[in-house]
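Working notes, beginning with the structure itself.
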Amino acid sequence: MTAAPLALPTTRDAVHVEFASKASLRLRLAHALLRGTLRPAIDVLCVLAESAALRGSRAFRIANVADLLAIPVRPARGTRRRAVLFPDFRAEWLWHRDHLGPDDTAQGAAILYFHGGGFLAGGLHSHRRLAARIARSAGVALLNVDYRQLPKGHITDTVDDAITAYRHLLNSGFAAERIVFAGDSAGGGIAFAAALATRARALPMPAAIAAIAPWADLDPDIRREHPNDRRDAMLSARALAVPALIGFAREGMLDPAWSPVNHDFAGLPPTLIQVSNLEVLLPDSEALARRCAQAGVPHTLQIWDNAIHVFHAGADLLPDARAAIAEIGAFLRGVLDASAASPATDQTTAA
């Protein structure tokens, strides 16, 4: 990564933006291939989801099957797994055999991870390999949360599940300053929503937030008007409007409070945001970075050249993806190392 001059206006502090070097040939070819194949397929699915025959729950249940199709995907060798069951959802611990596991609460740390999938199509299976890579890069255990999605749960239920999982870590013995929130796409937005809910519920704040291409504004208008709506290799503004306007909206209305970009970020922890310069979700990332700057939250917005949405999942083939995951790992290690060197804070509000 190379630091770049200030690129986004703010009303308080400067937004810290970093631009990655030119995309590799493999990444550029992958972008072109998916732009011509996967993008049209997703757009067709959106048309079907908006039709009277499938509109709403029927379409959402079909999308839920996508996670089951990813069952054959396995994490890298050396990954350890452990299931965790909650009353309304499930989760899964992932950690590398060379690192401390979830039982080492006194010396270890934890990543609370929220998978992507547009609140419809992601899950433990689809994100197991990616989450395990992030855990190994950071050197800590990761709890991947399979929160309630459409049609079973509203976004408000999703945030409740995130807080339930966070309370579980606190009550298991992890100190808040040894926990970080992370996620991709919809899960990246949830990471911010969970931090805001943590503040609202007077829980101790986690040590950091790391978000990959976060979907943090449910209102589709900002993306419909952005040039990346035509450039994104996978997603369109229309694709993201389906779960928001058909699934979450009440009487056709979206509550602005459901979108993290509409909140004050005062008191949030250091933040890393990664996104592609061609993604339809670029404006969401820019808005989050502005909120961080306005609140004086330490942050970095990394913009990756010609990258695919959550290209990190292609780390087996893409050197750019491996580099991006290494950046996340370095960021999280730095935050956690700093917290380990600081005196322990009072955790009396954790229960």
Side-chain angles (χ1 to χ4, degrees), residues 34 37-74 83-92 113-131 144-165 183-191 193-194 213-220 223 232 234-255 258-259 280-281 309-310 313:
L34 294 180
T37 56
L38 185 58
R39 168 70 182 263
I42 292 177
D43 287 344
V44 169
L45 293 176
C46 291
V47 173
L48 295 176
E50 293 169 341
S51 68
L54 293 176
R55 188 179 181 89
S57 295
R58 291 180 180 177
F60 299 154
R61 290 193 180 96
I62 293 173
N64 292 162
V65 176
D67 184 52
L68 298 179
L69 299 178
I71 288 177
V73 178
R74 292 287 186 265
V84 182
L85 297 179
F86 293 89
D88 295 315
F89 63 98
R90 61 178 183 162
E92 180 179 71
Y113 194 83
F114 308 106
H115 64 76
F119 298 100
L120 297 168
L124 301 184
H125 302 305
S126 65
H127 283 69
R128 182 172 290 129
R129 191 171 182 87
L130 170 59
N144 193 9
V145 181
D146 196 16
Y147 50 84
R148 282 174 285 179
Q149 302 185 87
L150 293 167
K152 293 182 179 179
H154 191 268
I155 190 170
T156 52
D157 300 316
T158 297
V159 175
D160 285 343
D161 293 346
I163 294 300
T164 296
D184 66 274
S185 196
I190 294 168
W215 181 15
D217 189 351
L218 295 180
D219 188 337
R223 289 179 292 275
D232 194 301
M234 291 178 58
L235 299 175
S236 64
R238 185 177 189 175
L240 295 171
V242 168
L245 298 181
I246 297 178
F248 293 146
R250 291 171 174 165
E251 298 182 353
M253 300 296 292
L254 290 167
D255 187 340
W258 298 339
S259 299
V280 73
L281 284 169
H309 180 60
V310 193

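Nothing fancy with the numbering, it's 1 onward along the sequence.
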Trace of the side-chain contact (heavy atoms from CB on, under 4.5 Å) decision for His127 with Asn144:
CA-CA 8 Å; His127 283 69; Asn144 193 9; 4.2 Å; yes
For a quick test of your reading: what N or O donor-acceptor pairs under 3.5 Å do the side chains of residues 245-255 make, sequence neighbours left out?
residue: Asp255; atom: OD1; partner: Ala257; partner atom: N; Å: 2.9

Enumerate the side chain to side chain donor-acceptor pair (under 3.5 Å) contacts for residues 42-57, please, sequence neighbours excluded, ordered by first and then second residue.
Arg39-Asp43, Asp43-Ser236, Glu50-Arg238
Flag side-chain contact, heavy atom, 4.5 Å: Asp88 against Asp157
no
For residues Ala191 and Gly183, report the shortest heavy-atom separation together with the two atoms involved.
CB-N, 4.5 Å
CG/Leu240 to CD1/Ile42 distance, rounded to the nearest 0.5 angstrom?
9.5 Å
For Leu281 and Ala213, the nearest pair of non-hydrogen atoms, with its separation, is CD1-O, 3.5 Å
Interatomic distance, Leu85 atom CG to Asp146 atom CG [nearest 0.5 angstrom]
11.0 Å
Between Ser126 and Asp67, the two heavy atoms sitting closest are N-OD1, 2.8 Å
Separation between CZ (Arg223) and CG (Leu218), nearest 0.5 Å, reads 7.5 Å
Within the side chain of Asn64, is there an N or O that forms a donor-acceptor pair under 3.5 Å with the backbone of Leu120?
yes
Reported CZ-to-CD distance for the pair Arg128 and Glu92, which is rounded to 0.5 angstrom
4.0 Å
Using only atom types and a distance under 3.5 Å, with no angle test, would you say the side chain of Gln149 pairs donor to acceptor with the backbone of Gly122?
yes
Can you see whether Tyr113 engages Asp184 through a side-chain donor-acceptor pair at a distance of less than 3.5 angstrom?
yes
With heavy-atom distances below 4.5 Å as the criterion, would you say the side chains of Pro243 and Trp215 are in contact?
yes
Hey, is the main chain of Val280 close enough, under 3.5 Å, to the side chain of Asp232 for a donor-acceptor pair?
yes
With a 4.5 Å heavy-atom cut-off, do Val73 and His125 have their side chains touching?
no
Trp258 side chain reached by His154 side chain, heavy atoms, under 4.5 Å:
yes
Using modelled atom types only, decide if a donor and an acceptor are shared between the side chain of Arg90 and the backbone of Ala83 within a distance under 3.5 Å.
no
Is Ile190 close to Pro214 at the side-chain level, that is, under 4.5 Å between some pair of heavy atoms?
no
Heavy atoms of Gly118 and Ala186 approach each other most closely as N-CB, 3.9 Å
Just wondering, do Val65 and Ile62 contact through their side chains at under 4.5 Å, heavy atoms?
no
In the structure I gave you, are the side-chain heavy atoms of Leu130 and His115 within less than 4.5 Å of one another anywhere?
no
How many angstroms lie between atom OG1 of Thr158 and atom OH of Tyr147, to the nearest 0.5 angstrom?
6.5 Å
Interatomic spacing from CZ in Phe114 to OG in Ser185 - rounded to 0.5 Å:
14.5 Å
Quick one: are Thr164 and Phe86 in side-chain contact, heavy atoms under 4.5 Å?
yes
Just by distance, do the side chain of Asp161 and the backbone of Arg148 share a donor-acceptor pair under 3.5 Å?
yes
